[in-house]
Protein chains: 2
Amino acid sequence: MAPTAETLTAERILEATEEVLRRHGPAKATVVDVARALGVSHGTVYRHFRTKAALREAVTKRWLDRTSEALAGIAAGDRAPEERLRAWFTGLFEAKRRKAGGDPELFATYSVLTGENGAAVGEHIDDLTAQLTRIVRAGTDSGAFTAADPAATARALFHATGRFHDPCYAGEWQQPGIEDEFTAVLDLLLRGLRA
Amino acid sequence: MAPTAETLTAERILEATEEVLRRHGPAKATVVDVARALGVSHGTVYRHFRTKAALREAVTKRWLDRTSEALAGIAAGDRAPEERLRAWFTGLFEAKRRKAGGDPELFATYSVLTGENGAAVGEHIDDLTAQLTRIVRAGTDSGAFTAADPAATARALFHATGRFHDPCYAGEWQQPGIEDEFTAVLDLLLRGLRA
DNA sequence: CAACTGACAGATTTCAATTTCTGTCAGTTG
DNA sequence: CAACTGACAGAAATTGAAATCTGTCAGTTG
């Protein structure tokens, strides 16, 4: 019972799927390609994932979870709430910008995948706003922020910064003035948040 | 020289183009269709618009300008700046929401057109942020707002409210909680803006 | 002579025939 | 007997030939 390279696990299939998506793009990546990459018949892939859509959704979730985990560290930190909020949004923007700019094709691929999987994206956003809510609540508890409903405020913050993390704006993330725009929006929001 | 129904003006061509777009959608609307609707040969349409792209751009500009004009009235009003700002954004959101919800196909058509005409959209956004800048400046002048750079602040306000006017979010404008989300974002921004 | 027509070349789109893919399952393998 | 294969039916994608469209321009019309 060798651990990784021998047995066919869901994890190995997801890795192969990611590789096939990277190579072929979202429109041409087939289950047959994934099976071929793994050296098995495509029927075998269907033992682990009921449909092609389920396989794509699982890949999408994995990708979204990686972003969540990176930010969870910042959200759980012990810095002052305002500083933490700023670091969190900066981290989110930087991560997105790096992914979109560094490998545009892969980013476009995942944009298609997230477009297909509204439910997974919804969960991811719930996850991120929950992190934000914790920071906002820390601020109201310490008296640094004023927010009657921390969860609603967290959602408002997330929506108001959409330009800097929503993939539909990815094309504008490489423009020159974008950093200043980001700072201007964040400053305005933080001013509104302070007690 | 009859005024409207006889002579072929650019205006009449634009009206016919709008009608053809409404009927056929952006993918199937052809210059030949427009010419047929006007009872002329398609060569004649090319006397008034050099290319099909130019014709589409002109239609797009007309549509965008209608929104600008409606809001210009609010921006130029004499109400208190905060109230005016709130009315302006509410007017923008309501107008978009009504268009998107009332005739989704036509809205989708114009979304395609705006996607094609980045330059025209850019001018439209410049126009809108100029209106916003005037309101913000009125606020800083009267002492109601604090904003070191009114133009930059206006842009920040526009970006932060993208969820409520950018067509890429049109699908979410009919969801139940959207009004509350809008109010939450606007409240937060106005709090940050107050002196 | 200004406004318009209609035929034309090259680019784009359509449509139907063909190929490939998805998802299933009876049968094979170790 | 659990994991896998591969043939199969229906769905979806691809391909290339035919139709349509874009943009031009010499010629027509009032």
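Lettering follows sequence order; numbering is per chain, from 1.
Where A/K28 and B/V40 each meet DNA chain C at their nearest nucleotide, the meeting point lying more 5' is that of B/V40. Positionally, the nearest nucleotide of DNA chain D for A/H48 lies more toward the 5' end than for the other of A/H42 and A/H48. Nearest-nucleotide mapping onto DNA chain C: of B/A27 and A/Y46, the residue sitting toward the 5' end is B/A27.
Here D/dG30 presents its C1' atom at 16 Å from CG of B/L8, a figure rounded to the nearest Å. Between B/L55 atom CG and D/dC21 atom C1' there is a gap of 14 Å when expressed in whole angstrom units. Rounded to whole Å, the distance from CG on A/L38 to P on D/dT5 is 10 Å. For the pair A/F49 CZ and C/dT24 P, the computed distance is 15 Å after rounding to whole Å. To the nearest angstrom, C1' of D/dT22 lies 17 Å from CZ of B/R47. A/H24 places its NE2 atom 13 Å from the C1' atom of C/dC21, with the value rounded to the nearest Å.
With C/dC21, C/dT5, D/dT14 as the choices, the nucleotide that has an atom nearest any side-chain atom of A/T30 turns out to be C/dC21. When the nucleotides C/dT22, D/dC4, D/dT22 are ranked by their closest atom to the side chain of B/K52, D/dT22 comes out on top. Side-chain proximity of B/S41 to D/dG6, C/dT5, C/dG23: nearest is C/dT5.
With a 4.5 Å cut-off on side-chain heavy atoms, A/F145 and A/E82 count as touching. Between A/L38 and A/V34, the closest side-chain pair of non-hydrogen atoms falls below 4.5 Å.
Contacts of A/V32 with the nucleic acid, taken as non-hydrogen atoms under 4.0 Å apart, include base atoms.
Between B/D65 and B/S68, the side chains place no donor N or O within less than 3.5 Å of an acceptor N or O (distance only, hydrogens not considered).
Judged by Watson-Crick or G-U wobble contacts below 3.5 Å, the nucleotide C/dT24 has D/dA7 as its partner. Pairing partner, C/dT29: D/dA2, with both Watson-Crick or wobble hydrogen-bond distances short of 3.5 Å. The partner of C/dT18 is D/dA13, judged by Watson-Crick or G-U wobble contacts that both fall below 3.5 Å.
With respect to B/D187 and B/R86, a salt bridge is recorded, a charged nitrogen being found less than 4.0 Å from a carboxylate O.
A/Y169 and B/D166 make their closest contact through OH-OD2, 2.8 Å (heavy atoms, listed as atom of the first residue, atom of the second, distance).
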